[in-house]
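Data first, discussion second: the structure below is written as structure tokens.
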Amino acid sequence: MRARSMLVALALIVASPASAQDYAEESLADPVKEAQAVALMDSIRCVVCQGQPISGSNADLAGDMRRMIRERLAAGDSPEQVRAWLIGKYGDWVSFKPEVKGQTMPLWLVPLGALVGGGWLVSRRLRPKVPT
Amino acid sequence: MNRKWLLWLPFVLVSALFAAFFVGLRNPDDHVIASRMVGKPLPEFVAAAAMPGQPGTATTDYRDGKPRLLNIFASWCVPCAAEGPVLMRMKQAGAEVNGIAVHDTALELAKFLGRNGNPYTRIGLDDGGRAQMAFGSAGVPETFVVDGRGNILYQHIGPVTDEDMPRLLAMVGVKP
């Protein structure tokens with residue numbers, strides 16, 4: 001009896017209109033585009049749960065974003081076009097990949113400055129002592 | 001003298017860093033994500049009628065010279081139920097309120113509006129979050145003020161309260 005009801009449930013699931021693909025959860029047929037889509041999803045912040053990328057979030061809106069990303073890549077948009085569209089809607093914060101622009105320059109310049117400063121300190125240390 | 005002071009510098013810097021960590025941990029980052037669409041024309045969207053007897057809503061509804069409120073809501077959203085009476089009062093004051101329901105069904109919407117009143121002139125059902133994303137909306141409820149030429153003037157994040165009412169009414173040109 002139990003097995004039969006399970007079978008019926010299974011048949012219902014199979015027969016349900018899932019034949020229309022839902023790109024929120026299903027991969028694109030093209031493996032290259034799917035890889036691009038997943039890479040993009042890993043670097044877009046879920047605006048509901050915030051600490052997570054949309055690839056790992058159960059929020060409805062994250063699912064909507066995954067679907068939108070796969071649909072747009074399938075339609076021929078590049079991942080960076082889709083990222084730019086999302087930034088245009090939600091601001092820089094939605095992307096985990098910082099843009100290179102004036103405001104974010106310290107992110108690149110500070111490590112460089114630290115390296116130069118550290119190198120200078122080390123070079124002073126390594127300089128042979130001149131007897132005074 | 002100068003050198004002695006310099007020796008303490010790394011210690012001071014690291015202490016400052018840990019103090020920053022400590023403060024950061026005590027104040028979790030609850031970021032309010034404001035839409036970048038404020039000040040811009042409405043995005044192109046079409047949200048079909050969410051339930052029989054009430055029209056849906058699309059970009060083309062907002063260029064007739066009449067400013068409106070556009071409320072993004074859902075029947076499953078608790079703060080949306082809380083702002084229901086305020087939206088009703090704004091409608092009674094003469095504001096036109098349209099709605100976009102996200103992740104919703106006609107049945108649940110009918111129940112929700114039966115419980116909380118229906119302040120909406122039009123209700124569109126958002127198809128897969130498309131309109132919500134196009135508006136740069138990060139959650140429900142959010143209320144956008146749209147001027148008569150179809151530009152987004154303002155975004156109110158979270159439930160509209162009685163304190164917000166005069167400001168929002170003024171933005172749509174209604175004397176409270």
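Just so it is clear, the structure is predicted and the values come from calculations on it, not from any experiment.
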Fill in the blank from the handout: Counting heavy-atom pairs under 4.5 Å with chain A, the top scorer among B:Pro43, B:Ser35, B:Ala134 is B:Ala134
Exercise for the section: Start with the C-alpha distance between B:Met133 and A:Lys89, add both sets of side-chain angles, then the distance that settles side-chain contact (heavy atoms from CB on, under 4.5 Å), and finish with yes or no. Expected result: CA-CA 7 Å; B:Met133 284 187 273; A:Lys89 299 297 179 184; 5.9 Å; no
Handout entry: For chain B, the option from A:Val94, A:Leu61, A:Leu86, A:Val48 that forms the most heavy-atom pairs under 4.5 Å
Key = A:Leu61
Exercise for the section: Give a yes or no on this: more than 12 heavy atoms of other residues, nucleotides or ligands lie within 6.0 Å of atom CZ of B:Arg149. Expected result: no
Practice task
Evaluate whether atom CZ of B:Phe22 has more than 12 neighbouring non-hydrogen atoms of other residues, nucleotides or ligands under 6.0 angstrom away.
Solution key: no
Problem - Joint hydrophobic cluster, B:Ile100 plus B:Leu125, side-chain heavy atoms closer than 4.5 Å - result: no
Exercise for the section: Could you grab the distance from atom CH2 of A:Trp93 to atom CZ of B:Arg36, nearest 0.5 Å is fine? Expected result: 12.0 Å
Practice task
Return yes when atom CG of A:Asn58 has more than 12 non-hydrogen atoms of other residues, nucleotides or ligands closer than 6.0 Å, and no otherwise.
Solution key: no
Fill in the blank from the handout: For A:Glu71 and B:Arg130, the nearest pair of non-hydrogen atoms, with its separation, is OE1-NH1, 2.7 Å
Handout entry: Same apolar cluster (I L V M F W Y, side chains within < 4.5 Å links), B:Met88/B:Val86
Key = no
Problem - Close side-chain approach of B:His103 to A:Asp64, heavy-atom, < 4.5 Å - result: yes
